[in-house]
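Below is one structure, written out as structure tokens; comments come after it.
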Amino acid sequence: MRELWELTQKFCRNEDVEAVFLAVNIVCWTAGTLLAGLAFCLITGTAVSLCLTKLMCAAIYMGLIVGLAGGIVYLFRRRAQ
């Protein structure tokens with residue numbers, strides 16, 4: 001997350017950095033989970049059309065739980081230093 005934070009600081013104004021960091025973190029976790037699930041379906045030979053709804057649900061939950069909550073915890077710990 002540190003690399004994402006540093007990258008966000010390079011491209012955003014100071015007042016927008018935290019919001020952009022959280023949004024990008026959510027999108028990255030969601031997309032990563034979805035791509036990992038699709039790769040798993042292709043490797044195991046499962047039809048993607050059968051498990052697409054479950055993959056989307058899992059990806060959204062990972063984005064919210066790990067992306068948002070993890071990003072908030074990271075920002076709290078960063079401010080405490």
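Along the sequence shown, the residues carry numbers beginning at 1. Computed from heavy atoms alone, side chains included, the values below leave out hydrogens, waters and symmetry copies.
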ILVMFWY cluster, [X] and [Y] together (side-chain gap under 4.5 Å):
| X | Y | value |
| --- | --- | --- |
| L50 | F40 | no |
| I60 | V66 | no |
| V17 | L68 | yes |
| L35 | I43 | no |
| V24 | L22 | yes |

What is the distance from atom [atom1] of [X] to atom [atom2] of [Y], rounded to the nearest 0.5 Å?
| X | Y | atom1 | atom2 | answer |
| --- | --- | --- | --- | --- |
| I65 | I26 | CD1 | CD1 | 11.5 Å |
| L4 | Q9 | CG | CD | 10.5 Å |
| Y61 | T33 | OH | OG1 | 14.0 Å |
| L52 | L38 | CG | CG | 7.0 Å |
| I72 | R77 | CD1 | CZ | 14.5 Å |
| M62 | C28 | CE | SG | 13.0 Å |

- Is E18 paired with R78 through a side-chain N to carboxylate O contact shorter than 4.0 Å?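 No, R78 and E18 are not salt-bridged.
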- Task: Anything under 30° is parallel, anything over 60° is perpendicular, the rest tilted; go ahead and classify F21 against W5.
- Result: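 Aromatic pair F21/W5 classed perpendicular.
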- Over all atoms of both residues, closest heavy-atom pair of C12 and V20: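 So the minimum-distance heavy-atom pair works out to SG-CG1, 3.6 Å.
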- salt bridge (charged side-chain N to carboxylate O under 4.0 Å, His left out) against E3, all qualifying residues, sequence neighbours excluded: none
- Message: Are L64 and T30 packed together at the side-chain level, in the sense that at least one heavy-atom pair is separated by less than 4.5 angstrom?
- Response: no
